[in-house]
Protein chains: 2
Amino acid sequence: MPKAKISRPQIIQASLQTLASCQSLDQFSMRKVATALHIDASTIYWYFESKQAILQAMADEIAAQISFPDASLAWQTQLTQLFSTIFDVYTTHSHAAELMIATIPSSEVRLTLMNHIIGILVSAGFSEEQGSLALSTIDFFLTGLVMDLSKERQFRTAINNKQAAYLHDQVTQIHQITHDEHLIHMQNSVNNRNSQSAKQQFEAGLKLILKGLLAEKNVDLN
Amino acid sequence: MPKAKISRPQIIQASLQTLASCQSLDQFSMRKVATALHIDASTIYWYFESKQAILQAMADEIAAQISFPDASLAWQTQLTQLFSTIFDVYTTHSHAAELMIATIPSSEVRLTLMNHIIGILVSAGFSEEQGSLALSTIDFFLTGLVMDLSKERQFRTAINNKQAAYLHDQVTQIHQITHDEHLIHMQNSVNNRNSQSAKQQFEAGLKLILKGLLAEKNVDLN
DNA sequence: ACCTGAACACCGTTCAAGT
DNA sequence: ACCTGAACACCGTTCAAGT
């Protein structure tokens, strides 16, 4: 074989597929991507300076799929719609949340997205401070929730895998302890978690934060 | 040398010290802990079944340092005090937030802590659902914020380390792009970030969520 | 009961050498 | 300009063997 005609976008694409077939972000490796592309691992280093650079590119690729809502809508509606899209994008690509956390929002796509979200709030009359605070609050809440989801998925497939078996044990321990120690609120929390879909949970949390914002706004008007 | 007289607590202690001297959680390794204890890496496996088990134990050790506030105080005061303590504990141990995220809250310490927080809210008249939602919202917000902090610390020490140098470049890129693309809200966000201490930022975010809770409560009373 | 050494199956990254 | 092979310095984990 003479040349493998590799390109940056091709590597990113293969990386996303490879990640999807991994059980967690730290199982993702350069060597696996290289194998998928039928090239040597060292070849990747001609296109990307490091593994971190690939992670950044993957995160950007995912972030690029997030579309902005109609700017003429009410700010609450805009935020609800936008974060609903982000939730869907994050849950479509497995480990997307881990990727976002492992990575710095230094690209135009991600910075523009963040800028847009703060912009919605500033246009609605909030201060820049309130806007960026609300953004990070919602974003971290969403990221944390989606990460927990993917951890749950991980131990549900705890059949042959040893690491997953350990996680599975930890979860049964949660039930054990909450029961033995009569941690009734935790028991309710687990039950509540199972009765509600993840998206419903996210929407409820988002609503809570939006209510807090609204309360701040009303105070300002006085 | 005959015996090295090792114990579980000793390993946990050495692990926390080793982690503190690492620039990130994934630089933390069994072999480094073993070297610190002057034992072979394989010895650790007599006391802990896996690296994950050590991470869990480390997280529990840190979580155990969190003390509960006086239960007779108002719920807002209790939450503010408690999360202030958590913030301090998280920032005292470097990479504590990463540890909490990489780990499952399956121990008695952590479950009791979570149960207590929901309990504060339920005692204040909130539903179990609202309580557990508020807990995860605040917790994820706090964790995300502290993690960003430690990433910043990481690239500030970007002298000889190559990985840190890359992160440093990413940050200058943030300034570059926000300037070139006229992302004014992001510019303000960065400035705001620098003018406020991390703890002030957290307190502002917590206040926002508490306001949202209060608004929900008032609606319920109608 | 406790600890080691060697080994296995992996990593990210570099770099001289090839085409 | 693009790609490889071998090497370096690491990983987590296992397990026969030692005391």
Under 4.0 Å protein heavy-atom contacts per nucleotide of nucleotides 7-17 of chain D, with B for base, S for backbone only and - for none: B---BBBBB--
I'd like to know whether CD of B:Gln187 has more than 12 heavy-atom contacts from other residues, nucleotides or ligands below 6.0 angstrom. yes
If we count only N and O atoms by modelled type, under 3.5 Å, do the side chains of B:Lys199 and B:Ser84 hold a donor and an acceptor together? yes
D:dC10 versus C:dA9 - spacing of their P atoms, nearest Å: 22 Å
Distance, rounded to the nearest Å, where A:Ile39 contributes CD1 and D:dG5 contributes C1': 14 Å
Hydrogens and angles aside, do A:Lys207 and A:Thr80 bring a side-chain donor and acceptor to less than 3.5 Å of each other? no
Over how many whole Å does the gap from B:Gln10 atom CD to C:dC2 atom P extend? 13 Å
Under 3.5 Å for both pairing distances: what stems, at least three Watson-Crick or G-U pairs long, include DNA chain C? C:4-8 with D:12-16, C:12-16 with D:4-8
With a 4.5 Å cut-off on side-chain heavy atoms, are B:Thr178 and B:Ile184 touching? no
Take atom CD in A:Gln27; do more than 12 heavy atoms of anything else shown fall under 6.0 Å from it? yes
I need the NZ-C1' distance between A:Lys5 and D:dC2, as an integer number of Å. 14 Å
Check this for me, if you would: do A:Glu152 and A:Arg193 make a salt bridge, where the nitrogen-to-carboxylate-oxygen distance has to be below 4.0 angstrom? yes
Measure the acute angle between the ring planes of B:Phe202 and B:Phe141, then classify it against the limits of 30° and 60° as parallel, tilted or perpendicular. parallel
Enter the distance from A:Ile101:CD1 to B:Thr143:OG1 here, rounded to the nearest 0.5 Å. 8.5 Å
Measure NE2/B:His38 against P/C:dT4 and give the value in whole Å, please. 12 Å
